[in-house]
Amino acid sequence: MKTVKLSSLDITPITLGTWGIGGPPFWGETTEAVAVDTIQTAIDSGVNCIDMAPVYGFGRSEEIVGRAIKGKRDKVVIATKFGLRWKSPKLAHLYKDTSENSIREELENSLQRLGTDYIDLYQLHWPNPDTSPEESMETLVKLKDEGKIREIGVSNLDSASLERVLQYAPVASLQPCYNMLQREVEDETLPFCKENRIGVLAYSPLASGLLTGKYNATSDFDDWRGKKNFGLFVKEKWEPAMKKISRLNNIADRSNMPLNHIAIRWLTRQAGVTSVIVGANSGEQIKENLKAFDSTIREEAWSEIEAIL
């Protein structure tokens, strides 16, 4: 698979996301053997960037990635995060800490779990109003100078917050939520990133599963989505989203291309997007997602999709 530039890094346009691989409390249980096979299948298929965070499975995601990349470290771009910590492995016990001491402690923990001595892309997971961006960013510059990280990234920041952190450190990338149904970043954030040469790693490309083509307005969920109190799952967003999905499914059927493939390809067409973070819970899902690049869709269909969105 071809690579694209992310500052000094060369990454593939598809990044493997490991939120699901971490297992509970975010998604269902995944066996370690299946998770390792998923990661190794991605690497063997040409995907070189793996995104994770210590909080995914409360350390489990990083530990599994570490086992999966043993002997393959030179083939992998590791993107992990800092700033979300836990007093015990429960969602209610999460807290933010982006102070220098905490960043250094988190980094050492991640290095140990991953079995490596450096992180390619080290990212602020969420903004933290309790710590000045100066302290956090200057700490990252020190870590970069020490050779423990190669590039600095951020996640979930808007354009105003990006402008602030750029005063203290060069930022290689931003991770925003971005998909066909959630396009808020197009107003200010994406233009800011393009203007300042900040790469964009788009997460939630399938809108938490809604753009897989598996669901309709009557679908039920037995996980966090079933509570319908977050994101596209709240009532006022759910109904208009499902109307769009119904029309998108018609285009997918006519194009003989699964909706999840269209959703991935749509994101890679957006100006400023460097890589799309796609999760997978099996090697077969990896291979299926990569088929998105094997098919073509007519420009007339893309125009119709834009009209729907």
Side-chain angles (χ1 to χ4, degrees), residues 1-6 10-20 38 41-51 77 79 173-187 189-191 193-194 199-216 231-232 241-309:
M1 182 177 290
K2 68 176 183 179
T3 59
V4 290
K5 277 290 182 183
L6 182 70
D10 294 305
I11 70 170
T12 44
I14 290 289
T15 291
L16 175 63
T18 62
W19 185 25
T38 301
T41 299
I43 297 170
D44 293 341
S45 299
V47 175
N48 77 343
C49 190
I50 305 176
D51 180 73
V77 174
S173 65
L174 167 72
Q175 268 198 42
C177 176
Y178 186 26
N179 56 60
M180 298 171 91
L181 302 175
Q182 295 170 294
R183 303 178 63 176
E184 295 83 358
V185 296
E186 293 178 354
D187 295 335
T189 306
L190 276 187
C193 288
K194 285 186 284 185
V200 172
L201 309 180
Y203 74 78
S204 196
L206 302 181
S208 301
L210 294 184
L211 291 171
T212 60
K214 299 177 181 178
Y215 305 111
N216 56 44
L232 292 169
M242 296 314 297
K243 288 179 180 178
K244 290 180 180 179
I245 288 172
S246 177
R247 298 174 66 189
L248 290 170
N249 275 324
N250 290 333
I251 295 178
D253 291 340
R254 295 202 312 268
S255 301
N256 196 28
M257 190 174 183
L259 182 56
N260 63 311
H261 289 184
I262 293 176
I264 292 171
R265 287 286 294 279
W266 180 87
L267 263 179
T268 62
R269 288 168 54 92
Q270 305 310 303
V273 172
T274 309
S275 187
V276 180
I277 302 174
V278 184
N281 290 323
S282 69
E284 288 305 311
Q285 279 190 357
I286 290 288
K287 295 175 182 177
E288 175 62 27
N289 289 333
L290 291 178
K291 289 179 182 177
F293 295 93
D294 295 336
S295 304
T296 56
I297 184 168
R298 295 176 295 106
E299 284 301 322
E300 294 85 352
W302 286 123
S303 297
E304 189 176 352
I305 287 169
E306 287 302 326
I308 292 171
L309 299 180

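None of these values were measured; they are calculated from a predicted model.
Closest of all the heavy-atom pairs between P176 and L174 is CD-O, 3.3 Å. The shortest heavy-atom contact between A271 and L190 is O-CD1, 4.3 Å. Considering every non-hydrogen atom in both I11 and C49, the closest pair reads CB-CB, 4.2 Å. For the residue pair Q285 and N281, the shortest heavy atom distance occurs at OE1-N, 2.8 Å. Of all heavy-atom pairs between M1 and P13, the closest is SD-CD, 3.9 Å. Residues A241 and L232 approach most closely at CB-CD2, 4.5 Å, considering heavy atoms.
Taking the side chain to side chain contact (heavy atoms under 4.5 Å, CB included) definition, one finds that N179 meets it with C177, L181, Q182, S204, A207, L211, sequence neighbours left out. Residues satisfying the side chain to side chain contact (heavy atoms under 4.5 Å, CB included) test with K287, not counting sequence neighbours, are T41, E284. Applying the side chain to side chain contact (heavy atoms under 4.5 Å, CB included) test to T3 and every residue at least two apart in sequence or in another chain returns D10, T12, N48.
For residues 275-309, there are no ring pair (Phe, Tyr, Trp, His ring centres under 6.0 Å) pairs, not counting sequence neighbours. Counting only residues at least two apart or on different chains, the side chain to side chain donor-acceptor pair (under 3.5 Å) pairs with a member in residues 247-260 are R254-E304. A ring pair (Phe, Tyr, Trp, His ring centres under 6.0 Å) check over residues 249-278, counting only residues at least two apart or in different chains, returns the pairs Y178-W266.
Note: M242 CE to L210 CG = 6.0 Å, rounded to the nearest 0.5 Å. Rounding to the nearest 0.5 Å gives a distance of 11.5 Å between NZ of K214 and CG of L259.
Using a 4.5 Å heavy-atom cutoff, the side chains of T15 and I50 are not in contact. At a threshold of 4.5 Å between non-hydrogen side-chain atoms, the residues L206 and I264 count as touching. A 4.5 Å side-chain heavy-atom check between Q270 and V200 finds every atom pair outside the cut-off. By the 4.5 Å heavy-atom criterion applied to side chains, L248 and I262 are not counted as neighbours. Contact annotation: the side chain of E288 approaches that of P258 to within less than 4.5 Å [non-hydrogen atoms, C-beta and beyond].
With M180 as the partner, the side chain to side chain contact (heavy atoms under 4.5 Å, CB included) test is satisfied by one option alone out of I305, L267, I308: I305. When each of I286, N289, I277 is checked for a side chain to side chain contact (heavy atoms under 4.5 Å, CB included) with L16, only I286 meets the rule.
For K243, the NZ atom counts as loosely surrounded, since its 6.0 Å shell holds 12 or fewer non-hydrogen atoms of other residues, nucleotides or ligands.
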Practice task
Could you walk me through whether T18 and T38 pass side-chain contact (heavy atoms from CB on, under 4.5 Å), step by step?
Solution key: CA-CA 10 Å; T18 62; T38 301; over 6 Å; no
